[in-house]
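Questions regarding the structure given below will be posed in turn.
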Amino acid sequence: MPSQDTVLSAPRAELGNAPPLLARLLSARGVHGAAETEAFLHPPADGFCDPFQMLGMETAVDVVLEHVRRKSRIMVHGDYDVDGITATSIVTSFLRRAGADCLFYIPDRLTEGYGLSDTGIDAAEAAGCALVITVDCGISGDAEITEMAARGIETVVTDHHECKASLPTDARAIINPRRPGETYPFQGLSGAGVALKLVHALSLRMGLGELWREYLDFAALGTMADVMPLIGENRVMVHYGIQSIQRQDNIGIASMLRYVNMCNKPVTSAMVGFTLAPRLNAAGRMGDANRAVELLLTQDVAEADAIAQALCADNQKRKDVETEIIGEASRMIDESFDFSGKGMLIVHKEGWHQGIIGIVASRLAEMFCRPAVVLAGEEGLYRGSSRSFGEFDMLGAVTAASDHILKFGGHRKACGMLVEERSLEAFKREVNAFASEHLTPETSRHTIRIDMPMDLSMITEENARDLARLAPFGEGNREPIFMTEDLTVRDMWMLGNGHHIKLMLQGEGMDRPVAAIGFGMNLFDGLVGPGDRVDVAYSMDINFWNGQENLQLKIRDLRPAAQPDAEEPSEPMIAAEQEARLREEPLADIAARLGLELRSLVPLKPEFTSSYQYIRANFAEDPLLCDLTLLARKISRSYGLDLNWFRLSRILEVFHEAGLLRQQVLGVERRHITLLPIEGKANLHACASFRYILEARERC
C-alpha cells in the first residue's frame with residue numbers, strides 16, 4: 001500500500017451537534033465552530049454570491065440586454081467538453097426563454113480544437129449574429145475577437161481559465177473570476193459556474209426572479225466534470241444541482257438517467273462524475289458535441305431518449321477504442337521503455353483517435369506511476385495530450401520543448417500540444433531532459449492520504465450514513481479514506497467482466513464479514529484470496545442494490561498484514577533493496593552493515609524454479625502489476641516455501657536479465673511484469689545478477 005499521511009484527531013469544540021466521526025473529520029478539514037459546521041452540512045439556499053461583485057458583470061449585462069432589446073441574433077460559443085456543453089446550454093436556454101433570438105456553436109474537437117476559430121467566426125457571420133457570448137473559452141482569443149470586431153460582431157467573454165498578461169482588447173465585456181484585480185469572493189468557478197452567474201445577473205436585472213436557479217443541475221454537471229473544488233459557492237451550487245438532477249427536472253437528464261441508473265440509486269457526485277459526465281463527453285470525443293447540447297435543451301421526451309441512447313452508444317464505442325489504444329500503448333512501453341531512468345512515458349502512433357488520447361494518457365500515468373504523453377498522428381501532424389503523476393510539473397516539461405511545438409497549453413497536471421512529425425524526436429528529447437532534472441521519487445510518489453485509522457467498532461452502517469452528509473465529494477472535499485489493519489479475507493470473487501474485485505472482510509470480534517469492492521483492482525486477482533490477512537485503505541458508504549441498502553467498503557488499496565514470522569519490508573531491508581539493485585557492493589557486506597541476516601537476502605534454487613512456475617501458470621496471458629510481498633506469499637503458500645519480497649526481487653532481476661520476462665520497477669515493492677516467449681533453456685549463469693547471488697551464497 002502507498003505511504004499514508006495520517007491526520008490526527010482535532011478538538012471537537014464548538015462543532016454543534018455533529019456526530020463524533022463527522023466532528024473529527026470536519027475539524028481536520030478546517031471547518032470550525034457551530035455556524036461553519038451547519039453551513040457545511042446543510043449548504044444554505046441563499047449561499048450564492050452577488051453576481052454583480054464580479055468585474056465586468058455590469059457591462060456584460062448591459063451589452064446582452066442591449067442586443068436582446070434590439071432583437072439581434074446572438075450566438076453562444078462554447079466548448080466540446082462537459083463544462084463547455086453545460087455552460088452553452090445554460091446561456092442558450094435562458095436567453096431563449098427571455099425572448100432572445102439565440103443559437104449556439106460548439107467547435108469540432110478534431111478539426112478546430114479548443115476555443116475560438118476561423119470556422120466559428122465564419123459561422124457567426126453567416127448566421128447574421130451581432131453578438132457572440134463565449135462560455136468556457138475566449139479569454140485567450142484576442143486575435144479571433146479582433147477579427148469578429150472587424151466584421152461587425154461584438155463579443156462578451158465569459159471564461160474561467162487562467163488569464164494572459166493582457167486581456168482581449170476588442171471584447172465589449174469580460175467576466176472571469178481569475179482576471180487580474182478580481183475581487184469576487186470565490187474564484188474556483190467552472191465555465192458553467194461563470195455562465196450561471198451571468199444568467200443570475202440577467203435574471204435580477206430583467207425581473208425574472210429565481211429563473212436562474214433552474215440551471216443549477218447544468219452548473220453542477222459542469223463543475224464536477226471539470227474537477228473544480230467543491231467548496232465555497234461551488235459546494236452550494238452542486239448540493240442543490242444534485243437535488244435537481246435527482247428530481248429529474250430536465251427532460252434530457254431524465255432520459256440519460258433512465259439508461260444509466262436503472263436501479264434508481266440516489267444521485268451522487270460519483271454518479272455524475274463517472275456515469276453521466278462521460279456520456280456527455282463522449283459526444284465531443286467520438287463525433288458531434290452539439291448532440292449533447294440538444295439533449296439538455298430539448299423539450300421532447302422522444303428526442304431526448306433517442307439522443308441519450310446515441311450518447312450511451314458513443315460512450316461504449318469510446319471505451320472500446322480507449323481499451324484498444326491503451327493495449328497498444330502499454331505494449332510499446334513494455335517493449336521499449338527504460339524504467340531504470342527518469343524519462344517520461346511518451347507514445348505516439350499514426351491513426352490513433354485524437355478524441356481519446358487524453359483519457360489514455362491519464363490511464364497510463366496511473367498504471368505506470370509516471371507522467372505520460374500520448375500523441376495521435378494524421379498527415380504529418382501529431383496532436384498530443386499529457387497527464388502528470390504526483391507533483392511533476394507537466395506544463396514546465398512541455399514549455400521546455402516549446403521550440404519544437406506548433407501550439408500548446410494547459411497547466412501543471414495536464415497539457416495539450418500540436419507537434420509536427422519531423423519534430424517528434426526533438427520534442428521527446430527536450431521533455432525528457434526536463435524530466436531527468438525534475439522527476440524524482442518525491443514528485444512521482446503514489447500516495448494515499450488517510451484521514452484516520454478506523455477501529456473495527458466504527459465500521460457501521462450508522463457511520464456510513466453520517467459520512468454521506470459530507471457530500472458532495474470531489475476536488476477540495478474528497479471522500480474520507482480510512483485504514484484498518486489485519487482484516488481476514490473470507491471470500492473473494494470478480495465482477496464487471498473481471499475488472500473489479502469484491503471481498504468479504506472480517507476482523508477479530510466482528511459478528512459477520514463486511515462487503516468491500518475494489519473498482520478496477522483486478523490486479524489483485526490471483527494475489528489475494530480467502531484466508532489472507534490484509535491492511536485495507538477504504539472509504540465507507542451505503543450500497544443500494546435490488547431495493548436493499550447495505551454497508552459497503554470501497555477499497556482504495558490494500559497490502560499484506562504484518563505477520564509475526566514473516567520478514568516484512570523494514571528500513572534496513574528497503575535500504576538493502578536499493579543498494580542491491582546497484583550491485584556495487586556484495587550482498588554479504590550490505591547485510592553486515594545493515595544488521596540483516598545474509599540468508600534472508602539470498603534466494604535459493606527452489607525459489608527460482610517455483611517463482612517462474614507460479615508466474616507462468618497464473619499470469620501467462622497478461623502483464624502483471626503486483627505487490628512483491630503479496631506475490632512472495634502466494635508463491636510460498638503454493639510451494640511450501642518461506643520466500644520474502646527481497647529475495648523475490650533478486651529473482652525477478654535475474655529473470656529480466658535472462659530474457660524470461662520484462663519487469664518495470666514502480667517503487668520498492670511494486671513491479672509491472674510481462675512474461676516473454678522463450679525457446680530452449682535460459683542460461684542464468686550468463687547473467688551478472690545471478691553471479692552476484694552465487695557469490696553471496698558461498699558466504700552463507
Side-chain angles (χ1 to χ4, degrees), residues 76 78-90 92-93 96 103-111 192 214-222 224-226 241-242 244-325 353-356 358-360 495-497 499-500 519 544-547:
V76 179
D79 185 30
Y80 41 70
D81 67 4
V82 176
D83 193 21
I85 287 165
T86 50
T88 300
S89 301
I90 289 170
T92 302
S93 176
R96 287 178 178 177
L103 54 87
F104 66 87
Y105 184 85
I106 303 290
D108 184 278
R109 179 192 289 266
L110 303 183
T111 60
E214 296 186 20
Y215 299 102
L216 287 171
D217 47 3
F218 293 178
L221 267 168
M224 287 184 281
D226 224 43
I242 286 179
S244 176
I245 294 171
Q246 180 74 61
R247 291 192 305 266
Q248 301 184 18
D249 293 341
N250 177 263
I251 290 172
I253 291 176
S255 289
M256 186 66 79
L257 284 173
R258 282 195 290 275
Y259 282 100
V260 302
N261 189 23
M262 296 178 183
C263 299
N264 293 317
K265 295 181 179 181
V267 175
T268 63
S269 55
M271 181 184 291
V272 172
F274 297 108
T275 305
L276 284 177
R279 284 158 175 79
L280 291 175
N281 240 336
R285 292 189 185 280
M286 304 306 297
D288 184 5
N290 288 281
R291 290 175 302 163
V293 179
E294 290 162 359
L295 174 74
L296 299 180
L297 295 182
T298 186
Q299 296 299 306
D300 185 296
V301 174
E303 181 185 16
D305 284 344
I307 297 174
Q309 186 175 13
L311 294 184
C312 288
D314 279 349
N315 191 55
Q316 184 57 53
K317 189 189 305 180
R318 185 269 303 170
K319 288 181 180 179
D320 294 341
V321 175
E322 175 189 325
T323 299
E324 181 181 345
I325 297 177
H353 196 296
Q354 296 176 3
I356 308 297
I359 304 175
V360 174
L495 299 174
N497 296 321
H499 294 295
H500 318 305
F519 293 107
F544 297 83
W545 181 253
N546 285 339

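Numbering of residues begins at 1 and proceeds along the displayed sequence.
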Notebook entry, point to check: When rounded to the nearest 0.5 angstrom, what is the spacing between OG1 in Thr86 and CG in Asp217?
Noted result: 10.0 Å
Item checked: Residues that Arg318 engages under salt bridge (Lys or Arg N to Asp or Glu O under 4.0 Å), provided they are two or more places apart -> Glu322
Notebook entry, point to check: Between Tyr80 and Ile85, what is the shortest heavy-atom contact and its length?
Noted result: O-CD1, 3.6 Å
Checklist line | Pairwise distance OG1(Thr268) to CE(Met224) - rounded to 0.5 angstrom | finding: 8.5 Å
Checklist line | Separation of Leu221 CG from Met256 CE (nearest 0.5 Å) | finding: 9.5 Å
Notebook entry, point to check: Ignoring hydrogens and geometry, is there a side-chain-to-backbone donor-acceptor pair from Asp249 to Glu214 under 3.5 Å?
Noted result: no
Note to self: Counting C-beta onward and ignoring hydrogens, is there a side-chain heavy-atom pair between Met286 and Ile356 closer than 4.5 Å?
What the structure shows: yes
Check: What are the two closest non-hydrogen atoms of Leu103 and Arg96, and how far apart are they?
Finding: CA-NH2, 4.0 Å
Check: So which heavy atom on Lys265 is nearest to which on Phe544, and how close?
Finding: CE-O, 2.9 Å
Notebook entry, point to check: Considering only heavy atoms from C-beta outward, does the side chain of Asp226 approach that of Val82 to under 4.5 Å?
Noted result: no
Item checked: Taking every non-hydrogen atom, the tightest pair across Ala292 and Ala283 -> CB-CB, 4.0 Å
Item checked: Nearest non-hydrogen partners of Leu297 and Ser89, listed with the distance -> CD2-O, 3.6 Å
Next item on the list: Check whether any side-chain heavy atom of Leu276 lies under 4.5 Å from a side-chain heavy atom of Leu257, and answer yes or no.
Entry: yes
Margin query: Can you list everything that forms a side chain to side chain contact (heavy atoms under 4.5 Å, CB included) with Ser255? Sequence neighbours excluded, please.
Written below: Arg258, Ala304, Asp305, Ala308
Next item on the list: Calculate, to the nearest 0.5 Å, the distance between atoms CD and CZ belonging to Gln316 and Arg279 respectively.
Entry: 8.5 Å
Next item on the list: State, to 0.1 Å, how close Pro278 and Asn315 come at their nearest heavy-atom pair, and which atoms those are.
Entry: O-OD1, 3.3 Å
Margin query: For a 4.5 angstrom cut-off between non-hydrogen side-chain atoms, does Gln309 reach Cys312?
Written below: no
Note to self: A side-chain contact here means heavy atoms from C-beta on lying under 4.5 Å apart; do Ile253 and Phe218 qualify?
What the structure shows: yes
Check: Measuring from Leu295:CG to Ile251:CD1, what's the distance to the nearest 0.5 Å?
Finding: 10.0 Å
Notebook entry, point to check: Can you check whether Val272's main-chain N or O pairs, donor with acceptor, with Thr275's side chain at less than 3.5 Å?
Noted result: no
Checklist line | Point-to-point distance, once rounded to the nearest 0.5 Å, from CG of Asp314 to CD1 of Ile307 | finding: 11.5 Å
Notebook entry, point to check: Where the side chain of Asp83 meets the backbone of Ala192, is there a donor-acceptor pair that is under 3.5 Å apart?
Noted result: yes
Check: Does the side chain of Phe104 reach to within under 4.5 Å of the side chain of Asn290, using non-hydrogen atoms?
Finding: yes
